[in-house]
Amino acid sequence: MSLSSTPDLAGLELAVVPVTAFGQNCSILWDPATRHAVVVDPGGDVPVLLHALAARDLTVDCILLTHGHLDHAGGADGLRNELVRLQGGTVPIIGPDERDAFLLSDIAAQAARYGLTGMGNVTVDRYVTDGESLPVLGRSLAVLHVPGHTPGHVVFHDPKAGFAFVGDTLFRGSVGRTDFPYGNGPQLIQAIVDRLLPLGDAVTILPGHGDMTTIGAERRSNPFLR
C-alpha cells in the first residue's frame with residue numbers, strides 16, 4: 001500500500017495513507033519538532049497505519065473523524081486500542097457531529113455486508129459541533145458542519161496552514177455521494193457553497209478519496225458547483 005507525503009504545512013508535516021478496499025485517504029499530521037501527531041479518518045488496515053506511525057517515530061495525541069462511514073471510521077477503535085497499548089495513556093477519538101452516531105454504531109454490520117474484516121463499531125470520546133475550535137499540535141482546527149453526504153459530516157480546517165480535511169464532501173471535479181437514504185444532494189451543494197468556498201481559493205483540500213485539490217480549482221471547474 002502506497003504512502004505519500006506533502007511538503008511542510010506551516011511547520012507541520014503530512015502523510016496520506018490509502019486504506020481499505022475503498023482507497024480511503026487516511027491522513028497523519030504531525031509536528032516534526034515534537035513528533036506528536038493526529039490521525040484523521042483511520043478507516044481500516046490498522047497494521048499499515050501503525051507501521052507508518054512507527055517509521056516516523058510518532059506519538060498520536062488523538063484520532064479525528066470527519067464522518068461515520070466504515071471506510072473512514074472502521075479502524076478507529078482498533079487503532080486507538082493498539083496505540084494505548086504501545087504508548088500508554090489515552091488516545092481520544094474526536095468527531096464527527098453527533099448526527100452520525102447511527103453510522104458509527106453500525107460499522108461492523110456494514111463491513112459484514114461488504115465481506116470486509118478488521119473494521120468495528122466506534123464509541124467516540126466526544127462529538128464535535130459546528131464552529132468550535134480543536135486545540136491540535138499547538139494550533140486550532142476549525143470545525144465546520146458540512147452535511148449532505150451524511151447528516152453529521154464535518155470538515156477540519158487549519159487556517160494557519162491553509163489546509164482542510166474535507167472527508168467526502170468535495171473532491172477534485174466531483175462531490176460526495178448523496179444516494180443514501182439519509183443523503184441530501186441539494187443540502188451538500190449548499191453547504192459546500194456556504195461553508196467551504198468562503199475559506200478562500202488558496203486553501204488546499206484533502207478529500208477522502210483521490211487527489212488533493214484547492215478551493216479555487218473547484219470553484220472554477222467543478223461541474224457540480226456551476
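Given the structure is predicted, the values throughout are model-derived calculations rather than measurements. Side-chain atoms are counted along with the backbone in the values below, which use heavy atoms only and exclude waters and symmetry mates.
For R80 against T123, the heavy-atom pair with the smallest separation is NH2-O, 3.1 Å. Of all heavy-atom pairs between V143 and V128, the closest is CG1-CG2, 3.7 Å. A pairwise comparison of heavy atoms in S133 and P135 identifies O-CD, 3.6 Å as the closest pair. Contact between Y127 and A101 at its shortest, heavy atoms only, is OH-CB, 3.2 Å. In terms of heavy-atom proximity, F171 sits nearest to P207 at CD2-CB, 3.4 Å. Summarising the geometry of G173 relative to N222, their closest heavy-atom pair is C-ND2, 3.5 Å, with the distance given to 0.1 Å.
Judged purely by distance below 3.5 Å, without hydrogens or angles, the side chains of D130 and H145 never pair a donor atom with an acceptor atom. No side-chain donor-acceptor contact under 3.5 Å links N121 and S105. Of the N and O atoms on the side chains of H67 and D100, not one donor lies less than 3.5 Å from an acceptor on the other residue. Side chains of T178 and N184: a donor-acceptor N/O pair is absent below 3.5 angstrom, by distance only.
Here the OG1 atom belonging to T90 is positioned 7.5 Å from the CG atom belonging to D125, to the nearest 0.5 angstrom. Atom OG1 of residue T169 and atom CG of residue L144 lie 9.5 Å apart, to the nearest 0.5 angstrom. From I28, atom CD1 reaches atom CG of D41 across 12.5 Å, with rounding to the nearest 0.5 Å. The structure places CD1 of I215 at 9.0 Å from OG1 of T204, a figure rounded to the nearest 0.5 Å. A distance of 5.5 Å separates CG in D61 from NE2 in H36, rounded to the nearest 0.5 Å. Between the CZ atom in R177 and the CG atom in D179 there is a gap of 4.0 Å [rounded to 0.5 Å].
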Q: Please assess S27 against L206 for the test side chain to side chain contact (heavy atoms under 4.5 Å, CB included), listing each intermediate value before the final yes or no.
A: CA-CA 9 Å; S27 296; L206 177 65; 2.5 Å; yes

Legend entry - ring pair (Phe, Tyr, Trp, His ring centres under 6.0 Å) evaluation trace for H72 with F22: CA-CA 10 Å; H72 288 253; F22 299 98; 9.3 Å; no

Worksheet entry | side chain to side chain contact (heavy atoms under 4.5 Å, CB included) between L225 and I192, worked out | CA-CA 9 Å; L225 301 181; I192 291 171; 3.9 Å; yes

### Message
Run E132 and R126 through salt bridge (Lys or Arg N to Asp or Glu O under 4.0 Å) and show every step you take.
### Response
CA-CA 13 Å; E132 74 169 288; R126 78 174 185 89; 2.9 Å; yes

**Asked** How far apart are the C-alpha atoms of R99 and Y182, what are their side-chain angles, what is the distance that settles it, and do they pass the side chain to side chain contact (heavy atoms under 4.5 Å, CB included) test?
**Response** CA-CA 11 Å; R99 280 165 278 199; Y182 47 80; over 6 Å; no

Q) What's the verdict on salt bridge (Lys or Arg N to Asp or Glu O under 4.0 Å) for D201 and R219, showing C-alpha distance, side-chain angles and the deciding distance? A) CA-CA 8 Å; D201 286 359; R219 187 197 305 274; 2.7 Å; yes

For side chain to side chain contact (heavy atoms under 4.5 Å, CB included), just list the numbers for L65 and I94, CA-CA rounded to whole Å, side-chain angles, deciding distance to a tenth of an Å, and then say yes or no.
-> CA-CA 6 Å; L65 300 179; I94 301 172; over 6 Å; no

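At distances below 3.5 Å, not a single donor-acceptor pair connects side-chain atoms of E13 with backbone N or O atoms of W30. Using a distance-only test at 3.5 Å, with no hydrogens or angles considered, no donor-acceptor pair links the side chain of N25 to the main chain of P18. Side-chain atoms of Q87 come within 3.5 Å of backbone atoms of V60 as a donor-acceptor pair (strictly under, hydrogens ignored). Within the 3.5 Å criterion, the main-chain N or O of L12 finds no donor-acceptor partner in the side chain of D31. The main-chain N or O of T213 is never found under 3.5 Å from a side-chain atom of E218 such that the two would form a donor-acceptor pair. Between the side chain of R35 and the backbone N or O of P32 there is at least one donor-acceptor pair closer than 3.5 Å.
For F102, the CZ atom counts as densely surrounded, since its 6.0 Å shell holds more than 12 non-hydrogen atoms of other residues, nucleotides or ligands.
When side chains are defined from C-beta on, C26 counts as touching V39, because their heavy atoms get closer than 4.5 Å. Looking only at side-chain heavy atoms (C-beta outward), I63 and V38 stay at 4.5 Å or farther from each other. Contact check for L170 versus I205: side-chain heavy atoms found under the 4.5 Å cut-off. Side-chain contact between L29 and V40 is absent, with no heavy-atom pair separated by less than 4.5 Å. Side-chain contact between V19 and L49 is present, with at least one heavy-atom pair separated by less than 4.5 Å. Contact annotation: the side chain of L134 approaches that of L64 to within less than 4.5 Å [non-hydrogen atoms, C-beta and beyond]. Two residues are said to be in side-chain contact when any heavy atoms from C-beta on lie closer than 4.5 Å; T66 and P96 fail this criterion. Using a 4.5 Å heavy-atom cutoff, the side chains of L50 and L83 are in contact.
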Please report, to 0.1 Å, the donor-acceptor pairs under 3.5 Å made by any side chain of residues 154-167, with sequence neighbours excluded.
from: D158; atom 1: OD1; to: K160; atom 2: N; distance (Å): 3.0
from: D158; atom 1: OD1; to: A161; atom 2: N; distance (Å): 3.1
from: D158; atom 1: OD2; to: R139; atom 2: NH1; distance (Å): 3.0

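The hydrophobic cluster containing L199 does not contain L14, counting ILVMFWY residues as joined when their side-chain heavy atoms lie under 4.5 angstrom apart, directly or transitively. Each of F180 and V146 belongs to its own hydrophobic cluster when Ile, Leu, Val, Met, Phe, Trp and Tyr are linked at side-chain heavy-atom distances under 4.5 angstrom. Cluster membership check: M212 does not share its hydrophobic cluster with L197, using side-chain heavy-atom separations under 4.5 Å among Ile, Leu, Val, Met, Phe, Trp and Tyr.
Of the listed residues (Q24, H209, Q110), just one forms a side chain to side chain donor-acceptor pair (under 3.5 Å) with D71, and that residue is H209.
Using bins of under 30°, 30° to 60° and over 60° for the plane-to-plane angle, the ring pair H149/H153 lands in the perpendicular bin.
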